[in-house]
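Here's the structure we're looking at; comments come further down.
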Amino acid sequence: MDKIYNYKNKEKEIYKNWEEKEYFKPTIDPKKKSFNKAQGKPFTIALPPPNASGKMHTGNVLMIAIEDLLIRWHRMKGDPTLWVPGTDHAGTETQITFEKALQKQGKSRFSFSRHELYDAIWKFVAENKGQIESQIRQMGASVDWSRYTFTLDAHVIKTVHETFKKMVEDGLVYRSNYMVNYCPKCGTTYADVELKHGERHDPLYYVKYERVVKEKGHQYISVATARPEPIAEDTHLAVNPKDKKHKELIGQKVLNPLTGKEMEIIGDEFVDPEFGTGIVKLSPAIDKNDYEVALKHKLPINEILELSGKMTGRYRGMSVLDARKKAVEELEHNEKIEKVDEKYVHTVTLCKAGHSIEPMIMPNWFIKVDEPNKSLKKPALDAVKNGDIKIYPKWREITYIRWMEEMRDWPVSRQNVWGIQIPIWYQVDGHEGRIAVSFIDRQKRQHNGPLRQWLDEGFSFEEIEEGLQQIIVPQYEAVGNNPKWIVSQEKPKDGRWIQETDTFDTWFSSGQWPLVTLKYPDSEDFKYFYPTSVMETGWEIIRLWVSRMIMFGYYLTGEKPFENVYLHGIVRALDGRKMSKSLGNVINPEEYIEQYGVDALRMGLISGTANGKDFNFPKDKVIAYKHFANKIWNMGRFILLMIDQLEKDMPAFETLDKTSLHAEDTDIVRELEALVKTVDTELEKFRFADAGEAIYHFMWHTLADKYIESVKQREDKDIALSVLMHVYVTCLKLLHPFMPFITEEIYQKLGYKDADSIMIAKWPTAQYKR
RNA sequence: GGCCAUUUAGCUCAGUUGGUUAGAGCGUUCGCUUCACAUGCGAAAGGUCAAAGGUUCGAAUCCUUUAAUGGCCACCA
């Protein structure tokens with residue numbers, strides 16, 4: 001053995017050997033089945049799929065380290081163990097990345113038809129997919145590659161379509177105009193939970209509205225607003241009816257400062273009397289509160305923004321910011337601005353890419369989450385409340401419970417191309433004037449407008465369909481007005497139909513991950529391994545993802561999708577701040593693997609993650625565990641050296657006569673037994689760091705520092721060595737799930753004969769009771 | 001504004017249902033080329049456990065209040 005453990009190159013070689021020998025494939029024992037606690041049952045994890053076109057970050061490393069630890073532990077214990085790998089198409093994120101690359105080439109998505117763009121992104125993802133896959137291997141993840149799943153695999157798409165169809169049939173799907181969060185830059189809508197917030201300075205304008213009936217000295221009333229651009233389209237103001245200062249304004253009229261049209265003042269309690277002047281203007285088309293008030297009071301909702309993000313109405317064609325400037329100019333010109341508060345700071349809503357979100361009213365597909373008798377959220381909420389699904393750490397439960405209690409209907413359509421297209425078809429015949437299309441014709445020109453217009457201009461329906469980019473089918477509230485739609489995976493044959501161009505929200509498909517990885521509904525895997533054992537992921541996606549998986553699990557199978565949820569903390573940068581490109585503090589795991597090895601990186605991260613709290617990247621611990629790797633390597637070297645020097649054969653530990661043992665021998669064996677027990681109980685409680693550190697301390701400070709030192713003095717070296725070997729190999733086995741590569745390497749070198757690989761060696765059991 | 005968490009050694013953090021002298025890693029100091037390992041060995045210094053009050057035979061741990069820090073959610077005209 002070399003003097004120093006050299007992990008480079010070794011790790012790859014070892015992994016290749018494991019994979020070739022198919023150690024990652026589960027051994028299916030029909031007697032050990034899910035729901036069969038008495039005879040043992042399978043242990044299953046579906047790997048939370050990383051972005052297929054991305055690369056490994058520290059969070060992924062931690063995730064793999066924890067899951068591989070659990071998987072290897074159970075596999076060694078003899079449970080049928082399955083870990084299914086996969087990657088996610090990551091709809092919006094990938095499309096944004098791709099479009100940025102397009103932009104560098106001076107192109108944009110608008111020069112592609114829908115299917116050209118889809119094919120191009122597919123190619124882009126296929127080219128980049130290899131990286132994350134090889135990094136998963138590099139981490140030592142003992143996943144079963146023969147069951148690898150990509151979220152756009154044919155069987156996944158089929159399942160997702162069928163789930164949607166079932167939901168339509170169960171009356172859980174509806175189409176509605178709704179105030180959605182629209183990002184004009186991304187060209188798509190976002191669910192509330194996908195957004196972030198930022199602070200911004202904007203001038204707050206106090207705008208004067210002339211009264212129709214003037215009271216003494218009160219010619220005007222004043223309204224504070226940061227968004228003057230929709231004023232021309234506004235029709236109402238509002239005050240709080242409980243506000244003594246202003247309640248008599250209810251029912252009175254003022255003049256629109258831009259158009260001079262009469263506006264009525266209504267009363268609603270949503271108005272905060274303390275903000276601004278206590279009087280607000282209502283712009284229902286671009287503000288969530290205003291929208292709700294408008295619905296409640298049946299006020300007109302005048303469109304202000306188009307899908308492109310451009311204004312319509314008085315400032316048609318302008319950007320929001322230009323329209324704002326123009327509106328301020330006009331107001332100033334007419335002397336309608338009383339004062340401006342330049343220090344006003346308010347929060348603005350941003351999409352993941354950091355663009356400003358505009359609330360807009362759009363037709364959208366929704367999933368009802370709390371339909372009586374068919375509630376999606378009720379079983380998902382109850383399961384956690386009554387402990388059927390356990391969440392670790394427990395204090396995270398409250399986040400989940402609160403979210404589920406407040407959960408609203410889920411908008412699932414996204415105006416992205418990169419995703420699973422919604423299997424809805426609209427009837428074209430008789431509705432040509434109502435369906436708006438954008439498409440690329442055969443001369444590569446782009447057109448935009450009502451379908452009828454293009455048909456009248458001589459484009460064939462086939463040509464339009466072929467070059468289609470997007471359709472918008474309006475949803476009018478009056479029944480009978482709207483094009484008929486049906487849910488179908490194939491194009492209907494009778495007459496002309498056009499497919500919805502929207503795709504599903506990524507979480508709609510990844511929400512079915514535990515199902516699709518096991519090839520729900522009728523595969524052997526599904527019957528044998530479902531429900532899975534642990535869902536291990538970062539706490540940040542408990543609402544986005546975990547909640548959806550639980551809902552889908554109960555909805556489709558009547559069973560929970562997993563028994564336990566373990567939520568790990570977020571790995572922060574060395575400086576304690578969140579990693580971000582702009583701060584330049586992002587830790588690249590590659591560098592640490594290069595410098596310290598995979599084992600040290602994994603073990604370091606695991607020991608840093610004590611109780612699910614966020615933690616700073618534990619660089620010191622990674623270094624410490626690199627030293628530890630070297631330490632155990634040298635322990636192995638020493639044992640081999642001593643055996644070599646031994647004049648007789650070393651007796652097997654099992655055959656040793658108890659009376660020949662020294663006190664230090666029985667002590668170390670007893671301490672070893674205690675360690676085995678500690679490791680098992682800590683792992684059962686998801687206390688990974690405690691289990692790992694227990695092994696570390698025993699091996700270094702008890703086994704090496706004390707016992708090995710005593711062995712050096714022994715006359716009966718054969719017996720001492722036999723005990724030492726037994727204790728050492730047992731420790732290696734305990735350590736293997738934490739540090740798989742080095743333990744395998746040493747195990748092979750020792751030539752210990754209970755198995756060809758430490759992976760299939762038996763997990764130690766504590767025999768002695770203390 | 002609501003909620004969740006955090007505050008323990010110079011630094012980063014463990015400390016599970018309250019139980020003897022409060023632990024780790026890194027750092028610091030002193031001494032070691034002991035033939036497995038200097039990525040090492042042996043020793044040592046260093047903490048009124050954020051503050052105050054309470055419960056208890058006993059509190060870092062439970063309760064109350066306060067302060068500071070971080071995060072999530074809601075609202076923001």
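No hydrogens, no waters, no symmetry mates; every other heavy atom, side chains included, goes into these values. What you see is a predicted model, and the numbers here were worked out from it, not measured in a lab.
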* Asked: Hey, is A/Glu405 close enough to A/Lys385 for a salt bridge, meaning N to O under 4.0 Å?
  -> yes

* Asked: Base, sugar-phosphate, or nothing for A/Glu406, non-hydrogen atoms under 4.0 angstrom?
  -> nothing

* Check: A/Phe617 ring centre within less than 6.0 Å of A/Tyr592 ring centre -> yes

* **Phosphate-side-chain proximity, A/Lys613 and B/A14, N/O vs OP1/OP2 below 4.0 Å** => yes

* To do: Consider only side-chain N and O atoms of A/Glu744 and A/Gln748, and report whether a donor and an acceptor are under 3.5 Å apart.
  => yes

* **Euclidean distance for C1', B/G10 against B/U29 (whole angstrom)** => 13 Å

* To do: May I ask you to verify if any side-chain N or O of A/Arg687 is less than 4.0 angstrom from the OP1 or OP2 atom of B/G15?
  => yes

* Ring centres under 6.0 angstrom apart (A/Tyr728, A/Tyr747) -> no

* Hey, does A/Phe628 reach any base, or is it just sugar-phosphate, or nothing, if we go heavy atoms under 4.0 Å? -> nothing

* **Integer angstrom distance from the C1' of B/U56 to that of B/U64** => 16 Å

* Asked: Taking any strand in view, what nucleotide pairs with B/C41 in a Watson-Crick or G-U wobble way, both distances under 3.5 Å?
  -> B/G31

* Asked: Of the candidate nucleotides B/C41, B/A36, B/C73, which contains the atom at the shortest distance from the side chain of A/Asp705?
  -> B/C41

* Integer angstrom distance from the C1' of B/C3 to that of B/G46 -> 38 Å

* To do: Assign A/Val271 to base, sugar-phosphate, or nothing according to its heavy-atom contacts below 4.0 angstrom with the strands shown.
  => base

* Provide the distance between the two C1' atoms, one in B/U12 and one in B/G58, to the nearest whole Å. => 32 Å

* Asked: Does the distance from a Lys or Arg side-chain N to an Asp or Glu carboxylate O, for A/Glu682 and A/Lys677, drop under 4.0 Å?
  -> no

* To do: Check whether any side-chain N or O of A/Trp403 sits under 4.0 Å from OP1 or OP2 of B/A74, and answer yes or no.
  => no

* Asked: Taking the same atom, P, in B/U55 and in B/U48, what whole-Å distance lies between them?
  -> 26 Å

* Asked: Does A/Lys578 put a side-chain nitrogen or oxygen below 4.0 Å from OP1 or OP2 of B/G70?
  -> no

* Nucleotide B/A9, atom P - distance to CG of A/Asp620 in whole Å -> 16 Å

* Go ahead and name the base partner of B/C13; Watson-Crick or wobble counts if both distances stay under 3.5 Å, otherwise write none. => B/G23

* **B/G46: pairing nucleotide in any strand, Watson-Crick or G-U under 3.5 angstrom** => none

* For A/Lys619, report the nucleic acid contact type (base, sugar-phosphate, nothing); a contact means any heavy atom under 4.0 Å. => nothing

* **B/G70 versus B/U34 - spacing of their C1' atoms, nearest Å** => 50 Å

* Counting Watson-Crick and G-U wobble pairs only, both distances under 3.5 Å, name the nucleotide matched with B/G53, or none. => B/C63

* To do: Remember a base hit wins even if backbone is also touched, and classify A/Ile708 as base, sugar-phosphate or nothing at under 4.0 Å, heavy atoms.
  => base

* Atom C1', compared across B/U17 and B/U21: separation rounded to whole Å -> 23 Å

* Heavy atoms under 4.0 Å, any strand shown: does A/Arg572 hit a base, just sugar-phosphate, or nothing? -> sugar-phosphate

* So does A/His627 get a side-chain nitrogen or oxygen closer than 4.0 Å to the phosphate oxygens (OP1/OP2) of B/G40? -> yes

* To do: Look at the side chain of A/Lys631 against the base of B/U39 and say whether a donor-acceptor pair falls under 3.5 Å; ignore hydrogens and angles.
  => no

* Taking NZ, NE, NH1 and NH2 as the nitrogens, is one of them in A/Glu406 or A/Lys377 under 4.0 Å from a carboxylate oxygen of the other? -> no

* Report yes if at least one side-chain N or O of A/Arg402 is closer than 4.0 Å to OP1 or OP2 of B/C4; otherwise report no. => no

* Asked: What interatomic distance, in whole Å, is found between P of B/C37 and the corresponding atom of B/A51?
  -> 48 Å

